[in-house]
Amino acid sequence: MVLKIHNTLSGTKEIFKPVDEKHVRVYACGPTVYNFAHIGNARMAVANDLLINVLRTQYKKVTYVSNITDIDDKIIDAAHELNEPIKNLTTKYTKIYNEDMGYLNVRLPDVQPRATDHINEMIDLTKKLIESGNAYEKEGHVLFHVPSFSKYGVLSKRNRDEQIAGSRVDVAPFKKDPADFILWKPSPSPLPGWDSPWGFGRPGWHLECSAMSEKTLGLPFDIHSGGMDLVFPHHENEIAQTCSLNKNHDPKSFAHFWFHNGFVNVEGEKMSKSIGNIRLVHDLKNQFSGEVLRLTLLSAHYRQPLNWTKEIIDQNSKMLDRFYRTLKELKDIEITSQYLSDEIMQSLLDDINTPKVLAQLNTLSNKLSSANKEEKINIKNNLIAAGKILGIMVEDPEVWLGYNQSENPEKEEIEGLINQRNEARRDKDFKLADKIRDELKIKGIEIEDTKNGTIWRKDS
RNA sequence: GGCUCGGUGGCAGAGUGGUGAUGUAGGGGCCUGCAAAGCCUUGCACAGCGGUUCGAUUCCGCUCCGAGCCUCCA
């Protein structure tokens, strides 16, 4: 079976062939840590986590690097506003980011480099770019000279001449070309900075990823990923820097594949501070389980826009409950090995087609009622194996659905009421029986009369 | 103005040159004292207009509409 991935560089789905079959290497541009992560950050983390899981089904060794941007003007502003040292702020939000992503069953990357640990590397790259004639110093700034890179625009498919009309870029006076971007800029006191050949200053944003990806993975590596908005200018600039240093203007001398996830909208609108509709994972944690949030993020294909609404969360919550119910029904079925059917694997390998996988899991789950023993084993195997890759269905079904309430402090009271109701039912006093059921319902207790007696569950 | 990507049933969302995914909501039914859960069943969707084709939702062209990017942004 072959893995196909959409490559932003070509604009098409391509067959994935690793640079080195023995070691697949992926770099994802991570968060700038000055605030809580929002659901859009989470989508990037989940999409990449899944990509890595899928790669690991095909290749023995996969290294996943995702950085933390811990020096940036937004961080400086936030620290200033809160009157808090930058280091405290970035440490705090890095921790929170990892916790929040952990809640969504996102595993930590193998390497999580920080920009501030790579200042020397960045200074070094800047020196080399000046030496090679791709960058110049002006008024304490070092800028990358865009016309020096012949392939500028390959990734975002922009023609520079066509972009200039209608451009809203404010051109700094020290730029030789309006598109030139900052590699290093001065940090007048009290701004944070580091000593450099160009005075006390700090790096521009794009440089860190060029420095850290090369250092942690080597060049060229397989997949470079991030949110759709990073295509331009961030990734375009990274390509310009790294490829200029390589003396090879082919963007594949940097990374072979460029993997970008789509945006999350909220109730049909773009998430933005001014609208005030930013959905923080930190807040969503209070309302929804991690698996529901994760499944909702996977309910649309990763490259499509995802409209975040209460309705789709509910819809996916129901879907997840159904899967868990199927697993509960199959709890006595012994499985010896976990395997994924070729059809489902194929969907994952076809550019990570999660909606199709979910449809296939539903179809499988629907076969339960008419399944024989062998088919039941097949259903359970596939649900568990798919869940493992997707990062869902990792809980115990009884616990998930709320049946297992041995710890519930109200257990005795609830079961007392259920006994009363069953007595009433025996006496054909259905009015009383229904009244008791309503009482339980108010407590969030759902009861089910089965052949083997009444069972109950806490409805979350 | 430029570039890119989209427009699929009430909603969400895959996919395909010919046998009409999947979920959710709705209708009907089974089961149940009634429920819950489950099961069965139902809905003839592919923006519009042309073209290619034996046949197009799927390919091509045009039109309309929407989104993203061109400035920091996942």
Side-chain angles (χ1 to χ4, degrees), chain A residues 8 11 28-32 37-48 72-74 77 153 155-171 179 205 225-234 236 260-265 268-273 278 295-296 299-301 303-307 309 311-323 325-326 328-329 347 350 353-366 368-370 401 424-426 428-431 433-434 437-438 440-441 445-451 454-457 459:
Chain A
T8 307
C29 287
T32 302
H38 56 63
I39 196 67
N41 296 305
R43 188 179 197 194
M44 174 266 160
V46 167
N48 280 278
D72 173 277
D73 288 358
K74 290 192 295 294
D77 293 345
L155 184 69
S156 55
K157 313 206 168 33
R158 265 157 234 270
N159 176 322
R160 291 206 44 230
D161 302 331
E162 289 165 350
Q163 295 298 312
I164 291 167
S167 165
R168 288 170 284 165
V169 189
D170 269 338
V171 182
W205 174 40
S225 56
M228 210 69 118
D229 55 323
L230 261 40
V231 173
F232 189 91
H234 185 54
E236 199 71 71
H260 294 102
N261 62 274
F263 263 46
V264 178
N265 294 316
E269 283 183 303
K270 184 175 171 166
M271 250 198 297
S272 80
K273 271 188 188 161
I278 295 188
L295 180 60
T296 303
S299 67
H301 184 87
R303 275 189 287 114
Q304 294 304 124
L306 177 70
N307 191 17
T309 64
E311 287 69 34
I312 69 154
I313 301 170
D314 286 345
Q315 225 169 274
N316 286 287
S317 173
K318 279 177 190 168
M319 192 196 292
L320 193 53
D321 282 354
R322 270 169 47 86
F323 289 150
R325 264 181 205 288
T326 302
K328 176 178 172 284
E329 290 301 309
S347 304
D350 185 12
N353 193 339
T354 50
K356 192 167 180 187
V357 172
L358 295 175
Q360 288 166 317
L361 293 179
N362 275 301
T363 304
L364 208 56
S365 186
N366 288 339
L368 178 68
S369 57
S370 60
L401 294 167
R425 287 171 71 212
R426 265 196 296 278
K428 307 260 188 245
D429 186 354
F430 296 120
K431 216 173 159 185
D434 290 349
R437 185 173 58 206
D438 291 344
L440 286 163
K441 180 127 193 160
I445 302 300
E446 200 68 68
I447 57 178
E448 297 171 26
D449 298 323
T450 73
K451 269 184 232 155
T454 302
I455 58 172
W456 60 280
R457 54 183 277 262
D459 196 14

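Labels below follow one simple rule: chain letters A, B, ... track the order of the sequence lines, proteins then strands, and each chain is numbered from 1. Computed from heavy atoms alone, side chains included, the values below leave out hydrogens, waters and symmetry copies. A quick note: this is a predicted structure, and the numbers were derived from the prediction, not measured.
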With C1' as the reference atom in both, quote the distance from B:A14 to B:G9 in angstrom, rounded to an integer.
14 Å

Side chain A:Asn353, main chain A:Ser347, donor-acceptor under 3.5 Å:
no

For A:Phe323 and A:Leu358, the nearest pair of non-hydrogen atoms, with its separation, is CZ-O, 4.1 Å

Does the side chain of A:Asn353 get closer than 4.0 angstrom to OP1 or OP2 of B:G15 through an N or O atom?
yes

How many Å lie between CZ on A:Arg158 and C1' on B:C3, as a whole number?
6 Å

How many whole angstroms separate atom CG of A:Asn48 from atom C1' of B:A74?
10 Å

For A:Asp72 and A:Thr32, test the side chains for any donor-to-acceptor distance below 3.5 angstrom and give the result as yes or no.
no

If you measure from the P atom in B:G38 to the same atom in B:G51, how many Å do you get, rounded?
50 Å

So, is A:Lys318 close to the B:A25 phosphate, meaning a side-chain N or O under 4.0 Å from OP1 or OP2?
yes

At under 4.0 Å between heavy atoms, what does A:Val231 touch on the DNA or RNA strands: base, sugar-phosphate, or nothing?
nothing

Touch class at under 4.0 angstrom, heavy-atom based, for A:His260 against every strand present
nothing

Taking all non-hydrogen atoms of both residues into account, name the closest pair between A:Asn48 and A:Ser225 and its distance.
OD1-OG, 2.5 Å

If I compare all heavy atoms of A:Ser365 with all of A:Arg322, which pair ends up nearest, and what's the gap?
OG-O, 4.3 Å

Taking for each residue the nucleotide of RNA chain B with the nearest heavy atom, is it A:Gln360 or A:Gly262 whose nucleotide lies nearer the 5' end?
A:Gln360

Looking at B:G66, I'd like to know if its phosphate oxygens (OP1 or OP2) sit under 4.0 Å from a side-chain N or O belonging to A:Lys270.
no

Are side-chain heavy atoms of A:Leu230 and A:Met44 found at a separation under 4.5 Å?
no

Tell me what A:Gly40 touches on the nucleic acid: a base, only sugar-phosphate, or nothing, going by heavy atoms under 4.0 Å.
base

How long is the line joining NZ of A:Lys356 and C1' of B:A21, in whole Å?
9 Å

So, are A:Asp434 and A:Arg437 salt-bridged, with charged N and O less than 4.0 Å apart?
yes

For nucleotides 27-40 of chain B, read 5' to 3', which letter fits each nucleotide if B means a protein heavy atom sits under 4.0 Å from the base, S means only the sugar-phosphate is that close, and - means neither?
------BBBBSSS-

For B:G61, which nucleotide in any strand shown is its Watson-Crick or wobble partner with both distances under 3.5 Å?
B:C49

Using whole Å, report how far CG of A:Leu358 lies from P of B:G23.
11 Å

In whole Å, measure the gap between the C1' atoms of B:C34 and B:G13 for me.
36 Å

From B:U22, B:U24, B:C3, pick the nucleotide closest to the side chain of A:Ala359?
B:U22

Inter-nucleotide C1' distance (B:G68, B:A45), Å rounded
26 Å

Please give the nucleotide sitting opposite B:A12 as a Watson-Crick or G-U wobble pair, both distances under 3.5 Å, or none.
B:U22

If I take atom CG in residue A:Asn316 and atom P in nucleotide B:G13, what distance separates them, rounded to the nearest angstrom?
10 Å

Are A:Asp350 and A:Lys356 ion-paired here, with the side-chain N under 4.0 Å from a carboxylate O?
no

Among B:G23, B:A74, B:C3, the one nearest A:Gln315 by side-chain distance
B:G23

Rounded distance in Å - CE (A:Met319) to C1' (B:C11):
13 Å

Work out how far the P atom of B:G6 is from that of B:G15, and round it to whole angstrom.
11 Å

What interatomic distance, in whole Å, is found between P of B:U57 and the corresponding atom of B:G7?
15 Å

Could you please name the partner base of B:G66, counting Watson-Crick and G-U wobble pairs only when both distances are under 3.5 Å?
B:C5

Quickly work out the A:Ile312 CD1 to B:A12 C1' distance and round it to whole Å.
8 Å

Is_stacked (A:Phe263, B:A74) at 5.5 Å, 30 deg:
yes

Partner of B:G38 under the Watson-Crick or G-U wobble criteria, both distances under 3.5 Å, comes out as B:C30

Can you check the distance between B:U19 and B:C46, where both ends of the measurement are the P atom (answer in whole Å)?
15 Å

Interatomic distance, A:Leu306 CG vs B:G66 C1' [rounded to whole Å]:
17 Å

Would you say A:Glu329's side chain and A:Leu368's backbone share a donor-acceptor pair under 3.5 angstrom?
no

Give me the distance, rounded to whole Å, that separates B:G28 from B:C62 when you measure between the P atoms they each carry.
48 Å

NA contact type, A:Ser156, heavy-atom cut-off 4.0 Å: base, sugar-phosphate, or nothing?
sugar-phosphate

Should the pair A:Arg457-A:Asp459 be classified as a salt bridge under the 4.0 Å nitrogen-to-oxygen rule?
yes

Answer with base, sugar-phosphate or nothing: what part of the nucleic acid does A:Lys428 contact at a heavy-atom distance below 4.0 Å?
nothing

Comparing nearest nucleotides in RNA chain B, the 5'-proximal residue of the pair A:Pro233, A:Asn362 is A:Asn362

